[in-house]
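Each remark here refers to the structure printed beneath this line.
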Amino acid sequence: MGNKNFYITTPIYYPNDNVHLGHTYCTVATDAVKRFKEFQGYDVFFTTGSDEHGQKIENTAKEKGQEPKEYVDGIVENIKELWDKLDISYDSFIRSTDPKHQKNVQDIFKKLYDKGEIYKDFYEGPYCTPCESFWSEAQLVDGVNCPDCGRPTHIEKEEAYFFKLSEYTDKILKLYEDNPEFLQPKTRVNEMVNNFLKDGLDDLSVTRSSFDWGVKVPFDDKHVVYVWIDALSCYLTAIGYGHDEELFNKFWPADVHFVGKEIVRFHAIIWPALLMALDIPLPKKIFGHGWILFDNDKMSKSKGNIIYPEPIIELYGTDALKYFLLREFSFGQDGSFNMDKFFNRFNSDLANDLGNLVSRTVSMISKYNDGVIPEPTNPAPIDEELKEMAVNTLEQVEKYMENFDFSNALETIWKLIRRSNKYVDETEPWVLAKDEDKSRLNTVLYNLAESLRIVSVLVYPFMHVTSDKIRKQLGVEEAVELEQAKTWGLLKSGNKVNKSEIIFPRLDIAKELVRFDDANTALIESRAGDAPVLTDEKSKPDVTIDDFAKMDLRVAKVLKVEDHPNADRLYLLHVKMGKIQKTVVSSIKEHYKPEELEGKNILLLNNLKPHNFRGIESAGMVLAAEDEDGNLSLCTTISEMEDGLTLS
Ligand code: MSP
C-alpha cells in the first residue's frame, strides 16, 4: 500500500472531572476510524490526552485540598483506565504537564514573540472564568453572559501578551474558501463565519497573570501561557514535535482533528492562525461533531443526569456501547441519549439481528452437518442476491467512512445481516433437512456461514471483540483483513464450527433499567465521595463589615415586567422599594415568565453603579443563585417582608 500515513486526534480532555458518556463518544469514533484506516492499509497514529492546566483546575484542586498535579493525576488515571476498558487503540496519551510538552509550549511562544506575532499590552474586558475566555462586548449574550456557557462574565484587567489574530481574518476565510473540506460538516463553516469572522477577528490575549497553574512564559515568568495554546500544541508534541523529528515528519500535518462543536472555534480559527504564524503546515481537516444530550438536555452532575460509560461496559460489554454510540447518532449532529434507546437497539440490532444470525447459523451447522462447514455444491438463483450484497457491502461502508458517517456505515452492514436472516426464512433449511439429497441444505448452510464470515470482517473496526467471537464460532483462524470482505467463498468447507455462548442475549428492559440505574448511581456516589471538599475554603477574599455596609441591599417588589425593546433575552423589571420606584435591566428572561414575577418580592442591590444595557440605563441588580448548568433561582426573604427594607 506504500507509505500511507494517517494522523487522527480526539480533543485533549480537560481532567477537571471524570469523563462521561459524551466524552467517550468522540474517543470511540476516533478508535473506529483508526482501526478502519489500518484495515485499509494506512499507518495510523491516534492521539488523545489530557489538558491539565488552567484556573479552573487550580481552583478545583484547591477546593479538594490537593495540589493541581495531584488532583489531575487521579482523574487522568481514571480516564486511562476507561480507555483501556474500551480497548481504545491510542498511540499517544499526551499530558500537557509532560515536561517535553511544556518545553514545546515555551519554544512555540518564544518563536511567535521573536517573529513579532506576539506583543505585550494590557487587556481589559469581560472574562468568563469557567471557560477561561475573554470576550468582546459584542459577543456577550444579554450584554453580560458568556456566549459559550451562558454564565455571567466579569470585567478583568491584566497585563498580557497578545497574538495578532486580527491579521488572520482574511487568511482563515480564504482557507475555508480554497479548502471546502477543511472544516466539516459544512454548517460549522457558517457558524465560524457568522459568529466570529464576519466582523473581523480581534487580537487574542495569550497569557494570564492572575493564576499560576500553567506553562510559564519563558522570558517573563509572571505570566502563564493561555491554556488553549498549551492544549492545541499537544497535537504536535504527541507526534514528536521538538523531540522526534522523524515521527513528526511522518505524521504531520494531521489528517483530521475530531472535536466537539463548542470547541470548533479554537480548532478552525485560532489553531490554523497559530500554525500559519509558525510556518507549520495546517491540519487537513477539522470535524466538529455534535453533542450527546440526555433526554434532550445537557448532561451535568448537578442535574443528576450524568451517564458514565463504566456501568454500561460492565453490564453489557464494550462492543454494545461502541455499536450504540456509532449507530444511534449522526456524528455531525446532536443526539439525545437515554437507556431505553440503548436497550431497544441492543435487543433489535444486536440480539435479534446479529446475535440471532450467529446462533442460528452455527446451531444449524451443528445440528444438520455435525458442526462441519459443508460444501456448497448446489447453487440456486435465490443465492445470488445474498452473495452480491455480501461482496459489495464493503465498498459502501468505505464510502460512508470517508465522510465519518459511522451510522450509515453500520446500517449498511446491518442490511447484510438482515438480508442473511431473511435468506434463512426464504430457504427454510429445516425443510431442506428432510430431503434425501442434502446438497441444497449444505449449500444454504455454507452461504449463511460465508455471509456471516464477511460480516465478521466488516464489523471488526467497530466491534473487534464481537468479530473475534463470530470468527471463533465459525472456526476461522486467519487474522482478519479487509480484503477478505470482497471475495465470496473464502470460508473453508470442512472447518469445524464452535457452538458457544449467545453473543448478545436479549435483555428484559424493565429489569435492566433498574439494574443500570443502581450501577450508575453507585458509581456517581463513589466518585462524589472520592475527595471531600474542604468547608472553610472561600471563593473570594475576606471583606470587612465596612465593605459590606457600602452595599444598599433592599427588599423590592416587582410591579411590572416588560421585554427590553432592543435585546431579546433581557427584561425590564419595574420595581418598588417603599416610596422609591426604578427600572432595572435583568437577564433572567429565560428563567421566569412575567406573571411569575409580578407582585413578588425579590432582593436587589440598589446602589450598583449605573450601566447602559442596549440603550436603557440600569442602576441595580437582582440577587439570584445560579448553578453550573445555568439553573437560576431569584432570592427573597424566608417570610414576607415590607418592600423597601434594607438588608443587614
Ligand atoms: N481541553 C479542551 C480541548 C482541548 S483540544 C486541544 C476541552 N476539553 S473537554 O474535556 O472539556 O471536552 C472534550 C471534548 O468532549 C470536547 O470536544 C467536547 O465537545 C466533548 N464533549 C463534552 N460533552 C459532550 C457531550 N455531551 N457530547 C459529545 N461530546 C461532548 O474542551
Side-chain angles (χ1 to χ4, degrees), residues 8-30 47-57 60 72 75-76 78-79 82-83 92-97 101 104-105 108 128 130-133 148-149 188 191 214-215 225-239 241 254 256-272 274-275 283 286-301 303 305-309 321 324-326 328-338 406 628-629:
I8 184 166
T9 66
T10 70
I12 308 300
Y13 291 94
Y14 204 50
N16 196 36
D17 211 336
N18 287 295
V19 297
H20 56 58
L21 193 68
H23 304 106
T24 309
Y25 182 41
C26 185
T27 311
V28 164
T30 310
T47 288
T48 188
S50 49
D51 167 16
E52 305 180 5
H53 292 123
Q55 190 164 19
K56 217 178 348 174
I57 289 195
T60 309
V72 292
I75 304 274
V76 168
N78 289 352
I79 298 178
L82 172 61
W83 296 161
S92 170
F93 189 104
I94 176 80
R95 296 187 60 174
S96 64
T97 46
H101 174 68
N104 274 348
V105 174
I108 285 171
C128 175
C131 296
E132 304 194 40
S133 290
D148 256 4
C149 71
R188 306 280 178 233
E191 287 165 18
V215 178
V225 176
Y226 178 40
V227 278
W228 271 100
I229 297 205
D230 181 354
L232 289 160
S233 307
C234 283
Y235 297 140
L236 302 177
T237 309
I239 43 147
Y241 183 81
V256 59
H257 294 307
F258 276 173
V259 302
K261 62 178 186 179
E262 87 286 13
I263 60 169
V264 166
R265 170 169 87 97
F266 300 96
H267 286 80
I269 295 177
I270 295 175
W271 187 221
L274 283 171
L275 291 169
I286 311 293
F287 192 102
H289 66 77
W291 275 356
I292 297 196
L293 305 169
F294 185 85
D295 273 341
N296 290 316
D297 205 353
K298 211 171 160 194
M299 271 189 213
S300 82
K301 256 187 169 174
K303 277 186 197 145
N305 65 0
I306 286 268
I307 299 281
Y308 285 122
L321 177 61
F324 176 79
L325 289 175
L326 297 175
E328 182 74 21
F329 308 111
S330 273
F331 196 49
Q333 289 159 25
D334 288 354
S336 181
F337 174 86
N338 62 41
F406 308 100
E628 59 176 23
D629 304 315

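Ligands are counted one by one from 1 in listed order, and the atoms in each one are counted from 1 as well. Keep in mind that this is a model prediction, so the values were computed, not measured.
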(request) Quick one: pull up OG1 in Thr9 and CZ in Phe258 and give me the separation to the nearest 0.5 Å. (result)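 Here the rounded value is 9.0 Å.
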(message) Could you measure the distance from the CZ atom of Arg265 to the CZ atom of Arg188? Nearest 0.5 Å is fine.
(response)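 The CZ atom of Arg188 is 14.5 Å from CZ of Arg265, to the nearest 0.5 Å.
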(message) Applying side-chain contact (heavy atoms from CB on, under 4.5 Å), can you list everything that pairs with Asn305, at least two apart in sequence or on another chain?
(response)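 If we apply the side-chain contact (heavy atoms from CB on, under 4.5 Å) test to Asn305, skipping adjacent residues, the hits are Phe294, Asp297, Met299, Ser300, Lys303.
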(request) Might you work through the side-chain hydrogen bond (donor to acceptor under 3.5 Å, both in side chains) test for Ser233 and Asn104, ending with a clear yes or no? (result) CA-CA 8 Å; Ser233 307; Asn104 274 348; over 6 Å; no
(message) Tell me which residues fall inside the under-4.0 Å heavy-atom shell around ligand 1.
(response)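 Residues Pro11, Ile12, Tyr13, Tyr14, His20, Gly22, His23, Asp51, Trp228, Ala231, Leu232, Tyr235, Val259, Gly260, Glu262, Ile263, His267, His289, Gly290, Trp291, Ile292 each place a heavy atom under 4.0 Å from ligand 1, listed by chain and number.
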(message) Before we go on, tell me: are the rings of Tyr235 and Tyr241 under 6.0 Å apart, centre to centre?
(response)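 No, the ring centres sit 6.0 Å or more apart.
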(request) Using distance alone, with no hydrogens and no angle criterion, decide if His101 and Asp230 have a side-chain donor and acceptor under 3.5 Å apart. (result)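 Checked: His101/Asp230 side chains pair up, N/O donor to acceptor below 3.5 Å.
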